[in-house]
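What you see is a predicted model, and the numbers here were worked out from it, not measured in a lab. The figures here come from the full heavy-atom set of this structure, side chains too, leaving out hydrogens, waters and symmetry mates.
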Amino acid sequence: MGTSTLMALGTRAMTASYAQLQTTGNNIANANTPGYSRQQAQLVTAGGQYTGAGFFGRGVDVSTVTRSYDRFLTNQATASASISAADQARLGQLNQLEKVFALGETGIGHAAGQLLNAFVDVANNPQDASSRHVALARARELSSRFQAAGDQLAALQTGATQDVRAGVEAVNALAQQVAVINRQISAANGTGHAPNDLLDQRDQLVAQISEKINVTSVSASDGSVGLFIGGGQSLVLGSTANSLRAMPDVYDPSKLQLAMREGGSDRIVPQDALAGGSLAGMLRFQNEDLTSARNLLGQLAVAISSAVNEQQSLGLDLGTPARAGSPIFSVGSPRALQAAGNGGNASLGLTVTDGAMVQASDYELRFDGSRYALTRLSDGEAMPGSPYTSSQLAAGVTFDGVTLQLGAGGALAGDRFLLQPVSNAALNMKTVLSDPNAIAAASPVTATAAVGNTGTATVASARVVDSGAFVPGLTANLTFDDTLAAPDNYRFELRDASNTVVGSGTGEWTAGQPIRLNGFELMLEGVPSHDDMLSVVPTTAVAGNNGNALAFVDLAGVGFVGAQMQGGTLVPGKSVTDAYASVVAEIGVRVQSADTAAGISASAASNAETARANKSGVNLDEEAAKLIQYQQSYQAAAKMLQVAQSVFDTLLQQMG
């Protein structure tokens, strides 16, 4: 063997050490580069050369440069970061939503209480104009707070829509970049060496896409990866990228849904198929949290306005002549929205018939070709009597305080409708009464006890409670009679203006319970004796009567929000203050659960990223140690060349 062999060994050793130094230097330079994976020069022995004295090694070769990469850890980090992004996006929106439902004096519950409390002064002095002005001012304050809350919810919807559109644009731009890099990787795949930097760039792009919308990656034999969104719809396939689109909701154009554009057609991506990403969090907030909040607020608006307007209609104002009170509030009308793909032209009418029974929910109506199935979306419960025939629906069906009626046109099989009884109520709530004298503080009836009564019974209140049963102008005379068969203990006669008896009968009075006749309610204090008499006559001195004003005050303790039928039994609703407190509590629970979920997913994402970084990240201390090691190797290889040169010079001298 000649000196050339020794020189070749030294040259190869220097080349290998230089490659290691270069790779280490690249690692140090990219220590803070996002998505960079630590690289390492792979060395292999050059093999032995046979001689009569045996096999002598020929040195070392650099086979390739690899990156430290674990597919499982990378996928786990990407998936957990995607879930964390969804939770964080939803939490951010819920924190804003919570501010809409303020507590204390700035809240809707306080404003509603102030309105009903204002009628205390009206009841104390029904003729006082200032008290009536204050009551109307409280009414305007309440409706303005409902409007403001509705506007804030609408602003949150607008913000969510803008964020979704921006997220879709970002996903499409990133998907195009992945498709370009796929093409470059496929082209480099034939060299037999992995394009590490391109692979890192692609992994980083996939991670950025997953922060917007969760994707599943599938590797192909040519080195490219396919990216698929929930349901198996391809976002990237080889060097081709499809477009994600933000489409108007099938019912409500102000809301968005996602669709994948493939082959010139749009395929809807169901929300349930989105496992993660900020887009999934925003859509969940839009479709669940914001919808629920809008319905809860609308339920309050409808219930309060219905109760106040109903009570107003049961009294008399200060007009000349006195008239039944006209409405104080108006709210946004219920909506029946058709699905965009409906083939029929059926029109539906939706009206609120009992504000106390209205629920905080939307409803979906589906037509299968013969019957209409109605489902309450808040709990998935089918409505009583559903499915309905066309004739039933044309006659009108009532559920949860709402009446639905099929109008002109007809539906085709597969047609769908979204019913929103209260969704739009708060946004368009207004105080429509402007004249303080129009407040109906007086009761249409006045009750008096006969002067000769021997019992302790006195009239506490006399008010109309059922406008449908009340016949104006009638006089009711009641006589308590201990000789009547139990449980009855009084006789009554109803007489018209000509003093003709138009009705009579007996009834039962129990201490603490009202007497109801002719649509009015009579409350007594004390205990009547035998032959004691009471008269209930039409009110003539309207200005001094406060019967209906007292009924307004009593509304504060009446459960007129969210009553419902359960198993044929009426379950009373909540008072306005309790109902608002329940709304605040429900929103608070959503925020708290979202905060907990965001904390857990953020921790999981951090742990997954740490595990990936431990495998793929650059450790500067480790790289510094390697730098010294490879420097020494390079110096030793250089010394080998120096020795080979010296040997060669010696041989030349000897030959000379």
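Minimum interatomic distance between Ala322 and Asp317 (heavy atoms only, all atoms of both residues): CB-O, 3.4 Å. Smallest separation of non-hydrogen atoms from Ile328 and Ala139: CG2-CB, 4.1 Å. Heavy-atom minimum distance, Arg416 versus Val250: NH2-CG2, 3.6 Å. Pairing each heavy atom of Ile108 with each of Phe146, the nearest pair is CG2-CZ, 3.5 Å. Looking at every heavy atom in both residues, Ala543 comes nearest to Pro126 through O-CB, 3.4 Å. Considering all non-hydrogen atoms of both residues, Gly409 and Asn345 come closest at CA-OD1, 3.4 Å.
The backbone N or O of Asn453 lies less than 3.5 Å from no partner atom in the side chain of Asp532, so there is not a single donor-acceptor pair. Panel note: side chain Ser443, backbone Val445; a donor-acceptor pair is recorded below 3.5 Å. Judged purely by atom type and a 3.5 angstrom limit, Thr596 uses its side chain to pair as donor or acceptor with the backbone of Gln592. Formation of a donor-acceptor pair under 3.5 Å by the Asn518 side chain with backbone atoms of Phe520 is not found in this model. The backbone N or O of Thr353 lies less than 3.5 Å from no partner atom in the side chain of Thr403, so there is not a single donor-acceptor pair. Side-chain atoms of Thr158 come within 3.5 Å of backbone atoms of Ala154 as a donor-acceptor pair (strictly under, hydrogens ignored). Within the 3.5 Å criterion, the main-chain N or O of Ala411 finds no donor-acceptor partner in the side chain of Asp415. With hydrogens and angles disregarded, a donor-acceptor distance shorter than 3.5 Å links the side chain of Thr106 to the backbone of Leu103. Side chain of Gln257 to main chain of Pro248: a donor-acceptor pair is present (N/O by atom type, distance under 3.5 Å, no hydrogens or angles). Distance alone, capped at 3.5 Å, places no donor-acceptor pair between the Glu288 side chain and the Leu283 backbone.
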(message) Between Ser130 and Asp128, is the side-chain hydrogen bond (donor to acceptor under 3.5 Å, both in side chains) condition met? List the steps.
(response) CA-CA 6 Å; Ser130 62; Asp128 183 33; 2.7 Å; yes

(request) Using the salt bridge (Lys or Arg N to Asp or Glu O under 4.0 Å) rule, take Arg90 and Asp289 through it: C-alpha gap first, then chi angles, then the decisive distance, then the call. (result) CA-CA 9 Å; Arg90 177 172 177 250; Asp289 304 314; 2.7 Å; yes

(request) Show your working on side-chain hydrogen bond (donor to acceptor under 3.5 Å, both in side chains) between Ser582 and Lys574 and close with a plain yes or no. (result) CA-CA 9 Å; Ser582 296; Lys574 299 177 181 178; 2.7 Å; yes

(request) Evaluate side-chain contact (heavy atoms from CB on, under 4.5 Å) for Ile515 paired with Tyr490, printing each intermediate quantity in order. (result) CA-CA 10 Å; Ile515 295 174; Tyr490 70 84; 3.3 Å; yes

(message) Using the rule given for side-chain hydrogen bond (donor to acceptor under 3.5 Å, both in side chains), can you reason through Thr539 versus Thr446, listing the C-alpha separation, both sets of side-chain angles and the distance that settles it, and then say yes or no?
(response) CA-CA 5 Å; Thr539 298; Thr446 301; 2.8 Å; yes

(request) For Ser292 and Glu586, run side-chain contact (heavy atoms from CB on, under 4.5 Å): C-alpha distance rounded to whole Å, both residues' side-chain angles, the deciding distance at 0.1 Å, then the answer. (result) CA-CA 10 Å; Ser292 177; Glu586 180 168 339; 3.5 Å; yes

(message) I'd like to know whether Ile304 forms a side-chain contact (heavy atoms from CB on, under 4.5 Å) with Leu142, so could you lay out the CA-CA distance, the side-chain angles of the two residues, the decisive distance to 0.1 Å, and finally the verdict.
(response) CA-CA 10 Å; Ile304 291 173; Leu142 177 60; 3.8 Å; yes

(message) I'd like to know whether Met429 forms a side-chain contact (heavy atoms from CB on, under 4.5 Å) with Phe329, so could you lay out the CA-CA distance, the side-chain angles of the two residues, the decisive distance to 0.1 Å, and finally the verdict.
(response) CA-CA 7 Å; Met429 185 173 178; Phe329 295 116; 3.7 Å; yes

(request) Walk me through it: do Ser131 and Asp121 pass the test side-chain hydrogen bond (donor to acceptor under 3.5 Å, both in side chains)? (result) CA-CA 6 Å; Ser131 298; Asp121 292 336; 5.1 Å; no

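A 4.5 Å side-chain heavy-atom check between Thr389 and Tyr372 finds every atom pair outside the cut-off. Inter-residue side-chain proximity for Val459 and Leu534 is flagged as met; some heavy-atom pair is nearer than 4.5 Å. In this structure the side chain of Leu97 reaches within 4.5 angstrom of the side chain of Leu156, judged on heavy atoms. Residues Val122 and Asn546 form no side-chain contact, since every pair of their non-hydrogen atoms from C-beta on lies 4.5 Å or further apart. Contact of the Leu297 side chain with the Val583 side chain is not registered, since no non-hydrogen atoms from C-beta on lie closer than 4.5 Å. Inter-residue side-chain proximity for Phe492 and Leu517 is flagged as met; some heavy-atom pair is nearer than 4.5 Å. Leu318 places a side-chain heavy atom less than 4.5 Å from the side chain of Val542. Counting heavy atoms from C-beta on, the side chains of Val561 and Gln299 come closer than 4.5 Å.
Under the 4.0 Å criterion applied to side-chain N and carboxylate O atoms, Asp400 and Arg376 are assigned as salt-bridge partners. Under a 4.0 Å N-O distance rule, the pair Glu493/Arg495 qualifies as a salt bridge. Salt bridge Arg463/Asp554: present, at least one basic N to carboxylate O contact under 4.0 Å.
With Asp362 as the fixed residue, the side chain to side chain contact (heavy atoms under 4.5 Å, CB included) test singles out one of Leu419, Asn295, Asp252: Asn295.
The CZ atom of Arg491 sits 6.5 Å away from the CG atom of Leu484 when rounded to the nearest 0.5 Å. Atom-to-atom distance recorded for Asn117:CG and His110:NE2 is 8.5 Å, nearest 0.5 angstrom. Distance NZ/Lys255 to CG/Asp249: 5.0 Å, rounded to 0.5 Å. We find the OG-CG distance between Ser467 and Leu314 to be 5.5 Å, quoted to the nearest 0.5 Å. Once rounded to the nearest 0.5 Å, the distance linking CD of Gln392 with CD of Gln405 reads 13.0 Å. For the atom pair Leu433 CG and Arg140 CZ, the distance stands at 9.0 Å (nearest 0.5 Å).
Aromatic pair Tyr363/Phe399: ring centres closer than 6.0 Å.
Applying the side chain to side chain donor-acceptor pair (under 3.5 Å) definition to pairs two or more places apart or across chains, those involving residues 303-316 are Gln311-Asn548. Every pair passing side chain to side chain donor-acceptor pair (under 3.5 Å) that includes a residue from residues 323-342 is listed here, sequence neighbours excluded: Arg335-Gln420. Note on residues 421-433: pairs passing side chain to side chain donor-acceptor pair (under 3.5 Å), not counting sequence neighbours, are Ser143-Thr431.
Aromatic ring orientation, Phe101 versus Tyr580: tilted (interplanar angle from 30° to 60°).
Between the side chains of Asp368 and Ser370, a donor-acceptor pair is found at a separation under 3.5 Å. Side-chain polar atoms of Thr479 and Asp481 form no donor-acceptor pair below 3.5 angstrom. Side-chain polar atoms of Gln157 and Gln286 form a donor-acceptor pair below 3.5 angstrom. Asn287 and Gln271 form a side-chain donor-acceptor contact under 3.5 Å, judged by distance and modelled atom types alone.
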